[in-house]
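Everything quoted here is computed from the prediction, not taken from an experiment. Just so it is clear: chains get the letters A, B, ... in the order the sequence lines come, proteins before strands, and each one is counted from 1.
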Amino acid sequence: MSDVTAPVPEDDLLAAELALGVLAGAERAAALQRAAREASFASAVAAWEERFVPWAAEIAEVSAPPSVWERIVAALPADKQTSGWWQSLAFWRGLSLATGALAAACIGALIYLGNAPQQAPLTAGIDGDGRRHFVATIDTRSSSIAVVPAAYSADATREPELWLIPADGKPRPLGMLRADRAVTIKIPSELAALTVGNAVLAVSLEPPGGSPTGSPTGPVIATGKLTNL
Amino acid sequence: MDLDANRTLIVAALARIPAGDRAALQTVYRLTSAKLFGVCLRILGERSEAEDVLQEVYVTVWRKAADFDAERASPLTWLIAIARNRSIDRLRASKHSRHMAPIEAADDVADSGTMADVALENAQDYARLHGCLDGLEAKERSALRGAFFDGNTYEDLATRMNVPLGTMKSWIRRAMMKLKSCLQQ
């Protein structure tokens with residue numbers, strides 16, 4: 001390669017400086033404004049970004065904590081979709097973080113409206129460490145419990161297991177939960193009568209497949225009391 | 001993660017965002033956030049700030065997805081540019097650079113590339129850029145590295161390499177023009 005390079009217009013140099021990131025203060029602000037206003041300058045900047053970007057291959061990937069995604073969802077403008085939004089895990093994660101009780105009520109209301117049950121559903125926000133980990137709704141008519149993950153973030157080795165703790169204080173296993181989607185669990189018939197208002201739901205971290213003993217063996221990370229809607 | 005193989009998925013998801021599709025944004029986030037977080041963290045050097053900026057990056061992606069033109073740019077170039085720009089804005093706002101250790105031109109033996117993610121666009125582009133960087137003088141290459149990876153300004157680089165500001169400007173400008181002409185060949 002020779003040191004003799006073709007003459008380059010001043011604009012292209014400025015585009016390169018902006019793309020590389022060496023400008024500061026008023027110079028950077030002015031260059032950013034030009035990129036926003038002038039298509040030809042913007043494409044010169046984009047061309048420089050394309051030239052430099054293979055370098056980013058040297059930067060290692062780092063997983064961001066789940067709280068970042070929750071904050072992104074919370075920062076988005078109000079939802080403008082007309083259908084399907086209630087199925088979105090992201091939506092519930094964001095909403096339940098912001099307004100957990102409302103989210104629980106909405107899930108309950110959807111089940112309520114959908115099934116026209118005889119009895120009002122029960123709900124619980126399952127919280128621990130100042131965060132809402134899951135939101136649970138019990139449809140007493142079909143004797144099933146739907147649990148939606150909220151701020152819960154997956155543990156590397158253990159899985160979340162859901163427990164019912166009725167008035168006698170003894171935990172009964174209900175089933176395994178998921179960090180990435182809602183699960184619906186059929187409540188065993190012998191527990192149905194115990195699944196009432198003021199009973200407590202708890203989540204513990206257990207080996208894959210669940211506690212081998214029938215009682216929680218790992219830490220209980222979150223609890224919540226069932227209440228009638 | 002093979003980001004290049006996911007390019008089609010990212011482009012398709014970006015195209016769905018302007019209609020208000022949050023699941024599409026989540027797809028983009030899942031496929032790209034580890035890379036972009038790495039970029040923010042590299043420039044800002046501090047986790048909580050990098051998390052703040054990463055949040056801003058994806059909110060920007062949500063707002064500006066309609067501006068992305070797959071015919072003209074690679075989605076990763078577009079996303080990485082947003083991440084770098086946001087990180088640099090944050091760095092400039094805090095009024096002090098995090099990476100100010102003196103740079104010796106000889107430091108740049110490490111340059112020949114610890115490639116964390118070969119698959120990022122493709123290995124060929126990386127090899128081509130490196131071939132051209134190898135054609136620069138060591139001091140020019142070190143200055144470019146400081147700007148790209150550490151988010152340094154001309155002034156930061158002049159301080160770190162202990163040369164007058166005007167000298168630094170001419171090194172970088174000359175280096176960039178040599179790079180452009182080499183990459184065109």
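The two residues A/P54 and B/Y126 make their nearest non-hydrogen contact at O-CD1, 3.2 Å. Closest approach of A/P65 to B/R47, counting heavy atoms only: CD-NH2, 4.0 Å.
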Taking it one step at a time, do B/I88 and A/R28 satisfy side-chain contact (heavy atoms from CB on, under 4.5 Å)?
CA-CA 10 Å; B/I88 287 170; A/R28 176 170 166 82; 3.6 Å; yes
List the steps, then state whether ring-ring contact (aromatic ring centres under 6.0 Å, His included) holds for B/F149 with A/W55. CA-CA 9 Å; B/F149 290 100; A/W55 232 352; 5.2 Å; yes
Exercise for the section: Kindly determine whether A/V22 and B/I172 satisfy side-chain contact (heavy atoms from CB on, under 4.5 Å), including the steps that lead there. Expected result: CA-CA 9 Å; A/V22 285; B/I172 290 214; 4.0 Å; yes
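A donor-acceptor pair shorter than 3.5 Å cannot be found between the side chains of A/E49 and B/T77.
Not one N or O on the side chain of B/K180 forms a donor-acceptor pair closer than 3.5 Å with the backbone of A/W48.
A/V68 is not listed as a side-chain neighbour of B/D52, based on a closest heavy-atom distance of 4.5 Å or more. Using a 4.5 Å cut-off on side-chain heavy atoms (C-beta onward), A/F52 and B/L179 make contact. Side-chain contact check for A/W69 versus B/S33: every heavy-atom pair is 4.5 Å or farther apart. Considering only heavy atoms from C-beta on, A/L23 stays 4.5 Å or farther from B/T153 through its side chain.
A salt bridge does not link B/E56 to A/R71: none of the charged side-chain nitrogens sits closer than 4.0 Å to a carboxylate oxygen.
Heavy-atom distances place the backbone of A/A19, and not its side chain, under 4.5 Å from chain B.
B/R173 contributes atom CZ, which lies 4.0 Å from atom CD of A/E17 (distance to the nearest 0.5 angstrom).
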